[in-house]
Amino acid sequence: MTQDFSIDIGTTPPCQATLAGGQRSGTGTPLVLVHGFGGSRHDWDPVTAALPDDLPLIAYDQRGFGDSHGEAGAPFSHSDDLLALLDALELERADLCGLSLGGGTVLNFALNHPERVRRLVLVSPLMVGWTWSADWIERWKAIGRAARGGDMAAARDLWLQHPLFDTARDGPNAARLRAGIAAFHGRQWVQDDQRPEMPDVDRLSALALPTLLLTGSRDTEDFRLMAELIEAAGRDVTRIEHPGAGHLLNLELPQQIAREIAGFIGRG
């Protein structure tokens, strides 16, 4: 049974934030699931439904997404929020699994606090401090212009049509994808309060944790390159490539990646 939680982090405004999520009890090391940009903890539902019933799980909404929120204009780090969450839940060590933006969060966390991580799973991950391609920047600017101009419907449509979702828009979980984008408020397209960070690409050689890297062969150029760099520089990286799949493996191949994750963390 999953128990919902709402945890206040930080001591005084403007550092205050509230992280919402759900925790399922079980035996062994808990698995913490971190969603991607514009999403929520429920993006993991197709995957968690296929994971072992006795695996302890924590899925939460990152600050500014889903039911989590923070003080507008206050610089923050998703990785620092994850540390505060683990501390609040009194978890000294966990397995971490992140998708896209969430992959960047857990990778950054693992580089900052390797003693708090047993095993790391990266699903189509980005990297903190990444220098994006010209194509990505142009598409992102177009979405931002629409959002700042007050046409959030147009911004959401541009996001839905992004090449990231080419293989998921008409897939078995297309309705879930469309519903998630429709529910996204889009405030990060107008103002993103994430604190600037040094590029994680420059310290990938310090990644010594056992790491599972799950990728799709039809993901975008930026994410393909990030995966290649992680695979090449990490000391203990196992990569599983999914031919014909794109970015959102949680929606495209939920049962398959659930088996891969469970096997990697010793629950297969």
Side-chain angles (χ1 to χ4, degrees), residues 2 20-24 30-53 55-62 65-68 78 82 94-107 109-110 119-127 159-160 162-184 211-220 222-224 226-227 230 238-265 267-268:
T2 299
Q23 183 173 17
R24 187 180 81 181
L31 175 65
V32 180
L33 299 164
V34 190
H35 64 81
F37 181 88
S40 77
R41 63 189 185 272
H42 299 296
D43 294 344
W44 288 108
D45 288 353
V47 177
T48 58
L51 288 171
D53 293 337
L55 173 65
L57 295 175
I58 296 163
Y60 74 100
D61 297 333
Q62 298 198 82
F65 301 105
D67 296 323
S68 296
H78 286 305
L82 176 53
D95 294 329
L96 302 182
C97 176
L99 165 72
S100 195
L101 169 65
T105 298
V106 300
L107 174 60
F109 182 92
R119 287 184 168 247
L120 182 68
V121 181
L122 304 174
V123 185
S124 308
L126 63 70
M127 282 194 280
W159 184 232
L160 177 62
H162 196 285
L164 275 179
F165 310 128
D166 281 352
T167 53
R169 274 192 300 270
D170 299 314
N173 280 300
R176 183 182 291 272
L177 168 65
R178 293 172 185 272
I181 291 176
F184 177 44
T211 300
L212 177 64
L213 176 61
L214 303 179
T215 57
S217 66
R218 292 183 60 189
D219 206 344
T220 62
D222 283 275
F223 284 93
R224 296 286 296 165
M226 283 184 266
I230 292 168
T238 299
R239 182 175 181 179
I240 300 178
E241 175 87 326
H242 299 85
H247 187 67
L248 294 181
L249 300 180
N250 61 310
L251 298 185
E252 297 178 50
L253 301 169
Q255 291 85 11
Q256 183 171 341
I257 71 166
R259 289 193 297 271
E260 292 162 354
I261 293 168
F264 177 71
I265 62 175
R267 301 299 291 264

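No hydrogens, no waters, no symmetry mates; every other heavy atom, side chains included, goes into these values. Sequential numbering from 1 along the given sequence is applied to the chain's residues.
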Inset, instruction - Hey, could you give me the CG/CD1 distance between L214 and I261, rounded to the nearest 0.5 Å? - result: 6.0 Å
Legend entry - For the student: nearest non-hydrogen atoms of S68 and A20, plus distance: OG-N, 2.8 Å
Please tabulate, for the side chains in residues 98-106, all donor-acceptor contacts under 3.5 angstrom to protein atoms that are two or more places apart in sequence or on a different chain.
residue, atom, partner, partner atom, Å
S100, OG, H247, NE2, 2.8
T105, OG1, Q62, OE1, 2.8
T105, OG1, L101, O, 3.2

Inset, instruction - Ignoring hydrogens and angles, tell me if any N or O in the side chain of N173 forms a donor-acceptor pair with the backbone of L251 under 3.5 Å. - result: yes
Inset, instruction - List in chain and number order the residues that pass ring-ring contact (aromatic ring centres under 6.0 Å, His included) with F65, two or more places apart in sequence or in another chain; answer none if no residue qualifies. - result: H35, F37, F184
Inset, instruction - For R218 and T167, indicate whether the former's side chain and the latter's backbone hold a donor-acceptor pair under 3.5 Å. - result: no
Inset, instruction - Locate the shortest heavy-atom distance separating G246 from S124; write the atom from each residue and the value. - result: O-OG, 4.3 Å
Inset, instruction - Look only at the side chain of N250 and the backbone of W44, and say whether a donor-acceptor pair between them is shorter than 3.5 Å. - result: no
Legend entry - Gap between atom CD of E260 and atom CD1 of I240 - 0.5 Å precision: 4.0 Å
Inset, instruction - Not counting sequence neighbours, which residues clear side-chain contact (heavy atoms from CB on, under 4.5 Å) with P52? List them please. - result: D54, L55, A262, R267
Legend entry - Verdict with supporting geometry, F109 and V34, side chain to side chain contact (heavy atoms under 4.5 Å, CB included): CA-CA 12 Å; F109 182 92; V34 190; over 6 Å; no
Inset, instruction - Taking the side chain as every heavy atom from C-beta outward, state whether L31 and L51 have any pair of such atoms under 4.5 Å apart. - result: yes
Inset, instruction - State the CZ-OG1 distance between F165 and T220, to the nearest 0.5 angstrom. - result: 10.0 Å
Inset, instruction - Output, in order, the C-alpha distance, side-chain angles, deciding distance and verdict of side chain to side chain contact (heavy atoms under 4.5 Å, CB included) for L33 and T48. - result: CA-CA 9 Å; L33 299 164; T48 58; 3.4 Å; yes
Legend entry - Closest contact, heavy atoms only, D170 versus R178: OD1-NH2, 4.2 Å
Inset, instruction - Measure the OG1-CG distance between T211 and L107 for me, rounded to the nearest 0.5 Å. - result: 8.0 Å
Legend entry - Pairing residues for S40 by the side-chain contact (heavy atoms from CB on, under 4.5 Å) criterion, not counting sequence neighbours: H42, D43, D61
Inset, instruction - Could you tell me which residues satisfy side-chain contact (heavy atoms from CB on, under 4.5 Å) with A245, sequence neighbours excluded, listed by chain and number? - result: H242, L249, E252, L253
Legend entry - Worked check of side chain to side chain contact (heavy atoms under 4.5 Å, CB included) between L122 and I230: CA-CA 10 Å; L122 304 174; I230 292 168; 4.1 Å; yes
Legend entry - Side chains of E241 and T215, donor plus acceptor under 3.5 Å: yes
Inset, instruction - Can you sort out the partners of A50 under side-chain contact (heavy atoms from CB on, under 4.5 Å), two or more places apart, ordered by chain and number? - result: Q255, A258
Inset, instruction - Any chance you could measure I58, atom CD1, to C97, atom SG, to the nearest 0.5 Å? - result: 13.0 Å
Inset, instruction - Output, in order, the C-alpha distance, side-chain angles, deciding distance and verdict of side chain to side chain contact (heavy atoms under 4.5 Å, CB included) for T238 and L213. - result: CA-CA 6 Å; T238 299; L213 176 61; over 6 Å; no
Inset, instruction - Nearest 0.5 Å please: distance from the CG atom of L248 over to the CZ atom of R176. - result: 12.0 Å
